[in-house]
Amino acid sequence: MAKSAPRLAILGAGPIGLEAGLYAKTLGWPFTIFERGRIGEHMLRWGHVRLFSPFGMNATLLGKQAIGKQKLGHEFPADDACVLGREHVAAYLNPLGELLKENLVGETQVLKISRQDLLKNDEPGDLKRARNPFRLLVRDKQRERIETADVVLDCTGVYAQHRWAGAGGMPAPGELSAETHIAYQLEDILGERKGHYANRTILVVGAGFSAATTVCNLAEISLEHQTTWVIWVARTSQTTPLRRFANDPLKERDRFASRANSLATRTDDNVEYSPATVVDAIEYLGQDKGFKVTLRSPLKTRVVEVDRIIANVGYSPDTNLYRELQVRECPASLASQKMADAVALAKVSDPLRMSGLGAEALRNPEPNFYILGAKSLGRNSNFLLRLGFEQIRDAFALMAGNPNLDLYAGKK
Ligand SMILES: Cc1cc2nc3c(=O)[nH]c(=O)nc-3n(C[C@H](O)[C@H](O)[C@H](O)COP(=O)(O)OP(=O)(O)OC[C@H]3O[C@@H](n4cnc5c(N)ncnc54)[C@H](O)[C@@H]3O)c2cc1C
């Protein structure tokens with residue numbers, strides 16, 4: 001790395017990219033944040049969803065103080081308030097973006113990253129690779145161009161790459177051609193998308209918190225629009241699909257889990273839940289004609305006709321971005337292998353307890369390339385912002401060669 005402060009390229013202006021930018025700014029290091037959409041783009045896409053961790057866990061003192069200094073009288077949500085995604089962007093991420101605006105390039109996508117004059121297979125795992133700066137191929141509205149940097153922080157998240165509804169995680173026959181008619185993200189069912197779902201038959205695939213949110217919201221509109229019918233299928237054989245944690249301090253999380261589990265087990269609602277069921281085929285019948293879907297469980301295969309499909313089956317990191325760099329990936333989660341090992345070693349099932357994974361977990365064979373934020377865990381959905389703030393602290397301590405550097409604790 002350069003002897004003077006390294007030049008950082010930060011990919012993504014989500015909560016973690018912005019917070020990393022603030023860290024660099026506070027240290028006086030040169031940096032550029034590249035964001036392909038808006039500030040907090042992914043969070044805005046699920047802006048109607050309430051965060052289940054309270055605001056105090058989703059913001060840092062460093063961030064609050066920096067915003068407070070620039071915008072006197074700026075009001076933050078209370079530390080114990082669980083706000084909507086869009087409220088978090090308005091109250092915290094947009095003011096952070098404003099603070100960093102001179103170093104933030106919006107509507108600019110990073111397409112590929114490589115090393116100047118080095119191929120992926122040159123100098124395997126050798127720190128000598130760091131002598132050559134990173135080259136980033138970026139695209140804005142007008143053109144493609146090359147940017148360079150000494151350090152890359154990949155904070156691009158996972159929300160934009162959905163996984164597939166089909167059995168075994170690959171597209172079911174017919175799913176690829178039906179993709180644009182299937183909702184893979186979190187639909188605003190109680191708000192602007194209500195008309196699209198009310199009084200329809202909807203197939204919901206998945207058993208995570210996103211699917212639970214979707215099913216709970218569909219059940220709510222069915223109270224008013226009584227011919228709304230939900231066919232909910234999940235791969236798990238559990239009759240109560242959502243995992244709950246004893247004495248869960250995240251009340252919002254537990255509220256959804258418990259409501260969704262009760263919808264799965266009750267028979268007097270407009271929700272029909274089928275565990276141990278996978279999607280074998282999807283046929284899109286055309287505009288306003290819905291879909292024919294083949295569902296398979298150990299006991300039977302059946303074909304259902306539905307108007308809508310919501311596949312909340314999780315997300316996957318875009319690993320193509322760094323294909324030309326030396327990153328060892330965990331074959332199961334697509335996180336970096338070191339991070340996946342640290343997560344496995346931590347042996348915690350509740351993301352709330354995932355902490356202190358250590359700076360070493362962030363290192364890659366490619367020197368000075370760090371994956372932070374939701375993408376750092378790959379397909380594992382146990383990421384919480386609080387873990388991302390720890391990763392920022394640890395990555396900067398590594399870069400500075402000073403394990404005691406911790407701006408969150410006021411240690412320079
Ligand atoms: C519905 C939902 C609810 C959640 N609730 C909570 C919660 O309550 N508490 C909690 O701690 N966590 C929660 N999470 C998990 C996690 O904190 C969020 O996903 C969070 O947004 C992750 O932040 P991030 O900065 O890592 O990535 P993201 O927020 O995903 O940000 C990535 C950014 O990178 C940009 N980008 C992507 N690719 C490129 C590219 N090639 N070039 C340039 N820019 C690019 C995107 O546009 C985006 O702005 C939730 C997640 C979801 C999906």
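Remember, it's 1-based here, ligands and their atoms both numbered in the order they're listed. Position 1 is the first residue of the sequence, and the numbers go up from there.
Val306 pairs in a side chain to side chain contact (heavy atoms under 4.5 Å, CB included) with only one of the listed residues (Val230, Ile231, Ile202, Val204), which is Ile231.
In terms of protein heavy-atom proximity, atom 18 (C) of ligand 1 is closest to Trp46 CZ2, 4.2 Å. Looking at atom 24 (P) of ligand 1, its nearest protein heavy atom turns out to be Ile16 CG1, 3.9 Å. The protein non-hydrogen atom at the shortest distance from atom 44 (N) of ligand 1 is Arg36 N, 3.2 Å. At the shortest separation from atom 22 (C) of ligand 1 among protein heavy atoms lies Ala374 CB, 3.8 Å. The single protein non-hydrogen atom nearest to atom 10 (C) of ligand 1 is Leu384 CD2, 3.4 Å, given as residue, atom name and distance. Atom 9 (N) of ligand 1 has Ser53 OG, 2.7 Å as its closest protein atom, hydrogens excluded (heavy atom only). Closest protein heavy atom to atom 39 (C) of ligand 1: Thr156 CG2, 3.5 Å. Protein heavy atom nearest atom 34 (O) of ligand 1, with residue, atom name and distance: Gly12 CA, 3.2 Å.
The aromatic rings of Tyr184 and His162 lie parallel to each other, their planes meeting at an angle below 30°, with 60° marking the opposite boundary.
Remark: Arg115 qualifies as a cation-pi partner of Phe134 under the 6.0 Å distance and 45° angle criteria applied to the six-membered ring.
When heavy-atom distances to ligand 1 are checked against a 4.0 Å cut-off, Tyr315 has no atom that comes that close, whether in backbone or side chain.
In this comparison of Leu186, Val110, Ile39, the heavy atom closest to atom 41 (N) of ligand 1 sits on Val110.
Salt bridge status for Asp188 with Arg193: absent, with no side-chain N to carboxylate O gap under 4.0 Å.
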